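Here is the structure we will look at, set down as structure tokens.
What you are looking at is a predicted structure, and each value in this text was computed from that prediction instead of being measured. A, B, ... follow the sequence lines: proteins, then strands. Residue 1 opens every chain.
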Number of protein chains: 2
Amino acid sequence: MRADAQRNYARLLAVAEEEIALNGADASLEQIARIAGVGSGTVRRHFPNRHALLAAVFRDRVENLCAHARDRVGRPDTRAALLEWLNAVTTSAATIRGLAMALNRDRTADAEHEHCATTQLTEAGEPLVRQAAGDLAPGVTVTDLLALITGIALATEDHPDPAAEANRLLGLAITGLSPVDGRIRRPGPASGGS
Amino acid sequence: MRADAQRNYARLLAVAEEEIALNGADASLEQIARIAGVGSGTVRRHFPNRHALLAAVFRDRVENLCAHARDRVGRPDTRAALLEWLNAVTTSAATIRGLAMALNRDRTADAEHEHCATTQLTEAGEPLVRQAAGDLAPGVTVTDLLALITGIALATEDHPDPAAEANRLLGLAITGLSPVDGRIRRPGPASGGS
DNA sequence: TTGCTAAACGGCGGGGGTCTCCGTATCGTA
DNA sequence: TACGATACGGAGACCCCCGCCGTTTAGCAA
């Protein structure tokens, strides 16, 4: 990679981070180019699409979270280890504007990227979940947990204190909103239609 | 309201419903105008902003859900009544494209509309929650439940079967992902807990 | 140092979207 | 029937994304 290309790449990444922190995941690429002092073509060359830019911007954060998970594998208090990690993920997703949406987007995108953030988090968290399986409701997977977390983060994005609120909701979901034993009568699909 | 205005209003609403079902909450207003055979100014006059259009399109649905809630107030099995309603809301939010995003948006918007969908749902659901309070974790509010549901709906939007997946996640959150609390008695392969 | 070439740059043009504004057509009534 | 209010429609300004291509420049080799 040529030196000027490296410079521009770094510059764009820095500007993008600011701009995304400011305006969320749908910050204007044009604007980013303008601030970085490069042409729009340059942005597009380094990051073919918005998702690529988001992925690059959030890569460090995601890797931190993955490391965070790996650090906790093998600890005796498996449940606490998992919960700590979930809280960390939640805090990041709720705090860092655009991250939740990026995670959500690439969970849906048909796995074109093997290295997409969600895949990484899933793989990193899987051992934690496995070793804490005894403390989890039957059928709960890492994927479920991450889906729930991104959902919560999306829903709390505009809250005054997103991280606190998101973690509170996550806490409720973990211990159960209405944790009563015995079979609950399962209603059919909504009669709300029409 | 003039007759032609009424006609156009109805026509726009119908087209918008289709278009939103097809393309989600960010369907093109221009496109809607085109299909409806009116100028873009007309759609803009009837619905000053996208949110107004979404609100109008989803009004019936939301009202159904509110009625659904009211029907269940006073029933002896308060917990089941609440859960049924939550499932209905979840199914709608997950199934009807754009609804979840609309709910999320106007929960965040600074309550400019007193009649916004979220407010309506909150008011309608509050009695259900109150009467089932004994079965809920302490501190859980209607607002929490609705936030969680819209989050789940957003996160499952692109799932092959959104309603099923959303309801499954909601179920997990209700009974608890990892309900190792003192008050919970869980059967199953308890590994002793923590 | 100088020359060369491939890589990187930047910006133009097309397509589309939102939003405002205003001349014009139409409705409903006097 | 004639008139005023109301609603219509589209043009214009602005922004954004995207593909493309002529131009510049970094880095290597002679």
Pairwise distance CZ(A/Arg72) to CD(A/Gln131) - rounded to 0.5 angstrom: 11.0 Å
Among A/Leu148, A/Ile174, A/Thr156, the one residue meeting side chain to side chain contact (heavy atoms under 4.5 Å, CB included) with A/Leu169: A/Thr156
Check: A/Arg107/A/Asn104 side-chain N/O donor and acceptor closer than 3.5 Å: yes
Joint hydrophobic cluster, B/Val142 plus B/Val140, side-chain heavy atoms closer than 4.5 Å: yes
Single-linkage hydrophobic cluster, 4.5 Å side-chain cutoff, A/Leu136 and B/Ile152 together: yes
Under 4.0 Å protein heavy-atom contacts per nucleotide of nucleotides 5-15 of chain C, with B for base, S for backbone only and - for none: -BBSBBBB---
Whole angstrom value for the distance that separates C1' of C/dT18 from CD1 of B/Ile32: 13 Å
Within 6.0 Å of CZ in B/Arg34, more than 12 heavy atoms from elsewhere: yes
Over 12 non-hydrogen atoms of neighbours within 6.0 angstrom of CD in A/Glu63: yes
Over 12 non-hydrogen atoms of neighbours within 6.0 angstrom of CZ in A/Arg75: yes
Leading and trailing nucleotides of DNA chain D with any atom under 4.0 Å from heavy atoms of chain B: D/dA5 to D/dA11
Whole-Å gap separating P (C/dT18) and CG (B/Leu29): 4 Å
Touch class at under 4.0 angstrom, heavy-atom based, for A/Arg7 against every strand present: nothing
